[in-house]
Amino acid sequence: MYNFKEIESKWQKYWDEHKSFKAVDNSDKKKFYALVEFPYPSGVGMHLGHIKAYSGLEVVARKRRMEGYNVLFPIGYDAFGLPTENSAIKQNIHPRVLTDRNINVFAGQLKKVGFSFDWDRVIDTTDPSYYKWTQWIFLKMFEHGLVFRDKTLVNYCPSCRVVLSNEDSQGGKCDICHSEIVQKEKDVWYLRITAYAEKLLEGLKEVDYLPNIKVQQENWIGKSEGAFVDFKIKEIDDNLRIYTTRPDTLYGVTFMVMAPEHPLIDKNKDKISNMDEINKYRELASHKSEFERTQLVKDKTGVKINGLTAINPVNNEEIPIYISDYVMMGYGTGAIMAVPAHDDRDYDFAKKFNIPIIEVIKGGDISKEAYTGDGEMVNSGVLTGLKNKKESISKMIEYLTKEGIGEKAIQYKMQDWAFNRQRYWGEPIPIIHCPHCGDVPVPYEELPLKLPDVENFEVGQDGESPLAKIESFVNCKCPKCGRDAKRETDTMPQWAGSSWYFLRYIDPHNDKEFASFDKLKYWMNVDWYNGGMEHVTRHVIYSRFWYHFLYDLGLVPTSEPYQKRTAQGLILGPDGEKMSKSKGNVVDPNDIVDKYGADTLRTYILFMGEYGLEAPWNESSIKGVARFIDRVYNLKDKVIDKEGYSSELEGLIHKTIKKVSEDIESMKYNTAIATLMTLVNKYSEKDNLTKDEYLVLLKLLNPFAPHVTEELNEICKLGKPICESTWPEYNIDKTKEENVTIAVSVNGKVRATIDVNVNDSEEDMKKKALSEENVIKNIDSKEIVKIIVVKGKIINIVVK
RNA sequence: GCUUGCGUGGCGGAAUUGGUAGACGCACAGCACUCAAAAUGCUGCGGUUUUGCGACCAUGAGGGUUCGAUUCCCUCCGCAAGCACCA
């Protein structure tokens, strides 16, 4: 095996010294901005997932440079957050010290793998010169009414003692420690991301994301169109407003349901005769675990509110009102009209509580189950006889609007972003609480509002932020009135710094703005962004939101940040399971680099399988790639002092250039490498190779295995370093073979193959096909109905 | 339950504007080199059957469209990811 250790460190040094991958501002060249998700510098160092995520775009970035682009391929560290803080507490060192230490480990590892990042643009979200601008954008949002405070039920992790956003508690589990989330009433800072729901949805139309990424974001935003309808309540002078997507079924309403926390209940408790029962149910509902709430879907629970009766606005029928936990306070108005005949959940509820079921759409059997399909409207006043759902809905909305009892409405599942965390290691929220002026923003010129240096950064037992204990930090003067005031002591969530980092790469040392508009204009959009599927409904949504906001302020030049977004599949352990410490199936990339070299590791990771799918690690398969690179290395002895391509290799070489070039663009790295293997197999059969034949192989392989290809290029004196050279070109005419072997089939079954020339006439080919012995045998005495000729592919003889 | 994928040899995986299924790699077997092993090189490698040519079967299951289906359509089964009582 060749000496990869020496070769790899030699070329890494060369690239470093020559700043080979420096992105140039204000260049005349076409730009290409390739972005990978910057790592969270955890204590355990990089894992194989990082290498796979970065290798994908690394190959594209290296190819683009050779194609003449000015490439920005940056890296940095997303370093604020709970894991570092928890680990710092455990090891009893300061998170700052730990973060610096971890960043060093990561930088060393990234360089050892030979990624072509621009190391002059490294950013660290925990650096005050960086988070100054995170705070600045936050204040801009505050200024524009996108930041608000509310005391509501929120997702709370009792183990981390911290409030979490919806995005951070998907599946009812804490994103950090995976323990069960509980609902707790808390005072929370929100970012009004819902104000951008429509823009985030619309923006998806103009970008090139993988289809599943788009779909997942659309589902997360969860737009639905329907109507608000106001139901009068008989006993009081008030309306119960509900949201429905099916106003066409209004005549089928037989009861109403409110969420247990609905404010109307407490407001009218003196009118309600069974408050005790209701309070008991509310108490019970609030203690239900996530498991119970999702598993017992069929078994509906609830309590009828005695003393309040709703009036159906379309027919003045009196309708009972219930509370039940299958209605959520956080969506719509927290109350629904129930149409058991045409909604599964309402049906289950009605059956359990013996409530009448009135059919208003024909087509099902409502004695057995709810009918949710289309059909003719019955028992429905003005709608009766209509057959088209859309028409019925719009006619009803028209009616509601005219009568002043309802209106068209749009709702989103996405909720506002709970933005404060009761922890130390995050950006301080730059707000001052003044007893006279309320919440006052820290003046822009006082940014960055630095994290105070503290001894003890553990969370208080009651869940208050560690910063609350630092009196010198907490006590301050109100910037507005100058009187005594107190600082907000919560910090921003982990996702804050990453919501705009791709903009900072463009102008990382600017101390006047987060980035200059001129530079943004040259570099934006990000042409290609690759990362994990797990960030699709978190980071990618959040950062699009921040970017849309900045666009509305005129501070960034385009409406969407990422032109293209792709995702890599997981690398599983050798046992086919997700890698995890507890399973003991974790493969450390360092060990692989030491054993086989970075070139082999990078190439193998991209050879494993389809890039977007998960694939298990296989220690013996990597040997195949090591062997391949070794064979490429040994070919150097066959190179003779001659130029051009030999005639027997020319076609194959042009085809290989075409295939590898196209496969890289569509992330089909595995077949690109397989094609190169085929070329190497052919080269191995030959006694000698021309310089050009060898060079084209080295260039095509270079994005995957940059070190060894540079070395071989130098050893064989083939020209300037490959990273400063150009990408090979192919001639389309030379990729087309003159003579091809095509199949001859009889009734679709292949019976023979014949060699034909592209210039042969159809008649000649038919004649040739019909003279094949095995073809004749299979036609036998049957009648030839027709003969289908597909040029260059197949001849099919149809017999009867 | 809903959404989105996926299902091909012993294994990872190729092949889709429908056109020779199994590229490339791993594992395995045989041969060469070697005192021997490793490394390397060469050959073979879906199943059944045949001395051989070949024949038949085979891309989760069953149907359909077609001269021809891994590819398109319908039904079903299984696996994975995400969402989850969203009215």
Side-chain angles (χ1 to χ4, degrees), chain A residues 1 170-172 210-216 218-220 222-224 226 242-246 249 257 259 290 293-300 324-328 330-339 343-346 348-349 411-415 533-534 536-537 569-570 576 604 607-610 612-625 627-628 630-631 634 668 670-678 680-681 684-685 741-754 773-774 777-778 785-800:
Chain A
M1 207 172 189
Q170 296 182 27
L210 288 181
N212 54 333
I213 296 178
K214 266 193 197 183
V215 168
Q216 218 166 301
E218 280 163 7
N219 289 347
W220 186 256
K223 181 179 183 173
S224 84
I242 61 95
Y243 172 73
T244 179
T245 53
R246 298 297 303 275
T249 61
V257 188
E290 197 72 24
R293 263 199 276 158
T294 54
Q295 294 303 307
L296 304 175
V297 173
K298 274 273 163 198
D299 189 25
K300 297 277 181 289
S324 173
D325 61 3
Y326 85 89
V327 173
M328 308 290 137
Y331 183 77
T333 61
I336 62 159
M337 64 178 213
V339 186
D343 181 282
D344 292 325
R345 295 149 301 175
D346 298 349
D348 294 339
F349 193 89
Q411 292 291 306
Y412 301 92
K413 284 191 211 173
M414 186 168 68
Q415 308 206 348
M533 277 311 288
E534 71 275 18
V536 167
T537 53
L570 282 178
Y604 173 61
F607 182 65
M608 287 170 83
E610 199 179 309
L613 301 180
E614 53 184 33
W617 183 260
N618 187 324
E619 178 77 32
S620 55
S621 276
I622 196 174
K623 285 183 200 152
V625 172
R627 219 173 275 163
F628 162 65
D630 232 14
R631 294 178 78 190
N634 291 332
K668 291 163 93 176
N670 53 338
T671 49
I673 294 162
T675 306
L676 290 170
M677 286 173 168
T678 308
V680 167
N681 290 345
S684 302
E685 290 170 13
T741 305
I742 66 168
V744 182
S745 63
V746 178
N747 281 354
K749 278 195 195 295
V750 176
R751 298 300 177 184
T753 56
I754 54 172
E773 196 186 329
N774 199 39
K777 211 170 90 188
N778 277 285
V785 182
K786 60 177 165 178
I787 299 177
I788 293 156
V789 180
V790 184
K791 269 213 156 171
K793 295 262 166 91
I794 199 168
I795 296 176
N796 190 23
I797 301 161
V798 186
V799 299
K800 204 164 60 176

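Naming: A, B, ... by sequence-line order, numbering from 1 per chain. In this text, all values refer to a predicted model and were calculated from it rather than measured experimentally.
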Would you please name every residue forming a side chain to side chain donor-acceptor pair (under 3.5 Å) with [X], sequence neighbours left out?
{"X": "A/Asn634", "value": "none"}
{"X": "A/Glu619", "value": "A/Lys595, A/Tyr596"}
{"X": "A/Thr245", "value": "none"}
{"X": "A/Thr671", "value": "A/Asp663"}

Can you check whether A/Tyr326 has a side-chain N or O nearer than 4.0 Å to OP1 or OP2 of B/rA87?
-> no
side-chain N/O A/Ser224 vs B/rA87 OP1/OP2, d < 4.0 Å =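 True: A/Ser224 side-chain N/O within range (under 4.0 Å) of B/rA87 OP1/OP2.
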Aromatic centroids of A/Tyr604 and A/Trp617 separated by under 6.0 Å = yes
Pull out every protein N or O sitting under 3.5 Å from an N or O of nucleotides 2-4 of chain B, one pair per line with the distance.
from, atom 1, to, atom 2, distance (Å)
B/rU3, O2', A/Asn219, ND2, 3.3

What residues form a salt bridge (Lys or Arg N to Asp or Glu O under 4.0 Å) with [X], not counting sequence neighbours?
{"X": "A/Asp343", "answer": "A/Arg345"}
{"X": "A/Glu773", "answer": "none"}
{"X": "A/Arg246", "answer": "A/Asp248"}

Runs of at least three consecutive Watson-Crick or G-U pairs, both distances under 3.5 Å, are what I'm after; which ones involve RNA chain B?
-> B:1-7 with B:77-83, B:10-12 with B:24-26, B:28-32 with B:40-44, B:46-49 with B:54-57, B:60-64 with B:72-76
Mind checking A/Val339 for me? I need base, sugar-phosphate or nothing, with any heavy atom below 4.0 Å counting as a touch.
->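 Counting heavy atoms under 4.0 Å across all strands, no contact is made by A/Val339.
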Report which part of the nucleic acid A/Thr753 touches: base, sugar-phosphate, or nothing (heavy-atom distance under 4.0 Å, all strands).
-> base
Protein proximity profile, nucleotides 49-57 of chain B - base contact B, sugar-phosphate-only contact S, no contact -, cut-off 4.0 Å on heavy atoms = -----SSSS
Treat primed atoms plus P, OP1 and OP2 as sugar-phosphate and everything else as base, then score nucleotides 10-15 of chain B 5' to 3': B for base contact with protein heavy atoms under 4.0 Å, S for sugar-phosphate contact only, - for none.
-> --BSSS
Inter-residue atom distance [X].[atom1] - [Y].[atom2], 0.5 Å rounding:
{"X": "A/Ile213", "Y": "A/Thr537", "atom1": "CD1", "atom2": "OG1", "value": "11.0 Å"}
{"X": "A/Ile673", "Y": "A/Met608", "atom1": "CD1", "atom2": "CE", "value": "11.5 Å"}
{"X": "A/Met677", "Y": "A/Arg631", "atom1": "CE", "atom2": "CZ", "value": "9.5 Å"}
{"X": "A/Ile754", "Y": "A/Ile795", "atom1": "CD1", "atom2": "CD1", "value": "4.0 Å"}
{"X": "A/Met533", "Y": "A/Asn212", "atom1": "CE", "atom2": "CG", "value": "4.5 Å"}

Please state the [atom1] separation for the pair [N] and [M] - nearest whole angstrom.
{"N": "B/rU59", "M": "B/rC72", "atom1": "P", "result": "15 Å"}
{"N": "B/rA55", "M": "B/rG7", "atom1": "P", "result": "30 Å"}
{"N": "B/rA37", "M": "B/rA81", "atom1": "C1'", "result": "47 Å"}
{"N": "B/rC31", "M": "B/rA36", "atom1": "P", "result": "13 Å"}
{"N": "B/rC85", "M": "B/rU16", "atom1": "P", "result": "42 Å"}
{"N": "B/rC57", "M": "B/rA21", "atom1": "C1'", "result": "14 Å"}
{"N": "B/rU3", "M": "B/rU71", "atom1": "P", "result": "23 Å"}
{"N": "B/rU40", "M": "B/rC33", "atom1": "C1'", "result": "9 Å"}

Keeping the roles fixed (side chain from A/Asn774, backbone from A/Ala752), state whether a donor-acceptor pair exists under 3.5 Å.
->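 It does not hold such a pair.
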Exceeds 12 heavy-atom contacts within 6.0 angstrom, atom NZ of A/Lys793 |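 Counting neighbours around NZ of A/Lys793, 12 or fewer heavy atoms of other residues, nucleotides or ligands fall under 6.0 Å, so no.
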Within 45 degrees of the axis of the six-membered ring of A/Tyr326 and under 6.0 Å from its centre: does A/Lys300 put its NZ or CZ there?
->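 Yes, A/Lys300 sits over the ring of A/Tyr326.
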Whichever of A/Val790 and A/Lys413 has its nearest RNA chain B nucleotide further upstream toward 5' |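 Nearer the 5' end of the strand: A/Val790.
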Between A/Met533 and A/Ala335, just flag the one whose closest nucleotide in RNA chain B comes earlier from the 5' side.
-> A/Met533
Rounded interatomic separation in angstrom, taking [atom1] from [X] and [atom2] from [N]:
{"X": "A/Ile787", "N": "B/rG68", "atom1": "CD1", "atom2": "P", "result": "16 Å"}
{"X": "A/Tyr243", "N": "B/rC85", "atom1": "OH", "atom2": "P", "result": "16 Å"}
{"X": "A/Ile622", "N": "B/rG25", "atom1": "CD1", "atom2": "C1'", "result": "13 Å"}

For the residue pair A/Tyr331 and A/Tyr243, does the interplanar ring angle fall in the parallel (under 30°), tilted (30 to 60°) or perpendicular (over 60°) class?
->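 It falls in the perpendicular class, over 60°.
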Determine whether any donor atom in the side chain of A/Lys300 lies under 3.5 Å from an acceptor atom in the base of B/rC85, or the reverse, and answer yes or no.
->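 Present.
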Give me the distances for all protein-to-nucleotides 38-44 of chain B N/O pairs that come in under 3.5 Å?
from, atom 1, to, atom 2, distance (Å)
B/rU40, OP1, A/Arg627, NE, 3.4
B/rG41, OP1, A/Arg631, NE, 3.3

Any idea if B/rG82 is syn or anti, going by the 90°-from-0 cut?
-> anti
